[in-house]
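Working notes for the structure below.
Proteins get letters first, then strands, A, B, ... in listed order; numbering begins at 1 in each.
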Amino acid sequence: MILAAQTLPESSHSGYVAAAYIVFFVLVLVYVAIMAFRLTRVERSVREQGGEAAAGDDAPGERGDAAARGREQERDEREREVV
Amino acid sequence: MKSWSRHPAGSSEMDRRPPGAVNRDSPAGSPFLPGLRALSVTTVLAFCASLSLVFFYVPIEAEEGFVQKIFYLHVPLAIVSLGGFVLGGLLAIAHLRTRDARWDLRSYVAIHMSLIFGAAVLITGSIWARASWGHWWVWDEPTLVSFLIVFLLYATYQPLRFAIEDPERQARYASVFAVTAGAFVPLNFIAVRLSASYVHPRVLGAASNLPGSMAFTFLVSLVAMALLYATLCSYELAAKRTRILLKARSRILGFQ
């Protein structure tokens, strides 16, 4: 109680202090919310990729060909990088 | 740290794993930053300690009263923000020297995060100015105006960066900007220190007369803020790397 009496306010300016700290924490919270939203999208994409990849393994066709083309393209790029 | 390759297509060890594979070496399950969970917990603990000290330990300042508690938020924010801008410049130097895109990504994230912290500095500073001086903004105060100039300078970083389409040129130009602006930050700080006005309270240096409890609380707050900066930068980096990896995998699987 004594400690609180020495460190907590008696003046009317406590609203400004509260405002400053609230603004800061709201900013951090908004940032974290944006990150969470992005993470949800990434998770959805990963899930979609996983599903598509599994479907591609079961029935190789046009998708499988495209994947093979993608791998070839990446291999070419790696070779170019080495050169 | 492995996933950000020289080329967006990806050529690192992680990219050669099958799609959807998770790095099992990481205790936290994160594919990129194993220490992220520990860093996050440390940051939360540091902030709890900092807030406890600010509101229950450090005494009310005699002249300013309770409003002075904003000091433990505003000043660490400003120091970390300016430090982040300088860090962005140093990382950009590493990018220009090595041409490794990972350094460019780190530099971009450091500056991006410093801008967010900078916005918080301006808002909390205005609130403090209003409470202490009766004005939201004082134009003849060099510290305030110089910080605004630095903030506005860095506010042009992203438009400049994303106005360039070629990724190589974009990274190179952004790095040159980051180095130049990063050098401007300490010069600006020194110029303000040398200026005649001493209206703005001095915290660090010979003129500082903080009592022990206040100095200790300030240092804890500074550490907490630096940890928050590092944590948010780490999350941002992890998110960006994940998106790059995802795009690369989409291409490999032929989704795009």
Practice problem: Could you walk me through whether B:Leu228 and A:Phe24 pass the side chain to side chain contact (heavy atoms under 4.5 Å, CB included) test, one step at a time? | Solution: CA-CA 12 Å; B:Leu228 179 70; A:Phe24 170 70; 3.6 Å; yes
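Within the model, atoms OH of A:Tyr21 and CG of B:Leu73 stand 5.0 Å from one another, a figure rounded to the nearest 0.5 Å.
Proximity to chain A (any heavy atom under 4.5 Å) is shown, for B:Glu236, by both the backbone and the side chain. Using a 4.5 Å cut-off between heavy atoms, A:Val17 touches chain B through backbone and side chain atoms alike.
Residues passing the ring-ring contact (aromatic ring centres under 6.0 Å, His included) test with B:Phe147, sequence neighbours excluded: none. Evaluation of the side-chain hydrogen bond (donor to acceptor under 3.5 Å, both in side chains) rule for B:Ser126 yields no partner, not counting sequence neighbours. With sequence neighbours excluded, the residues satisfying ring-ring contact (aromatic ring centres under 6.0 Å, His included) with B:Tyr229 are B:Phe117.
For the residue pair B:Leu246 and A:Ser45, the shortest heavy atom distance occurs at CD2-CB, 3.3 Å. Of all non-hydrogen atoms in A:Leu27 and B:Ala120, the two that sit nearest each other are CD1-CB, 3.5 Å.
Checked against a 6.0 Å centroid threshold, the rings of B:Tyr235 and A:Tyr31 do not count as neighbours.
Side chains of A:Phe25 and B:Leu51 form a contact here, defined as non-hydrogen atoms less than 4.5 Å apart.
When the heavy atoms of residues 32-42 of chain A are compared with those of chain B, the residues falling under 4.5 Å are A:Met35, A:Arg38, A:Val42, listed by number.
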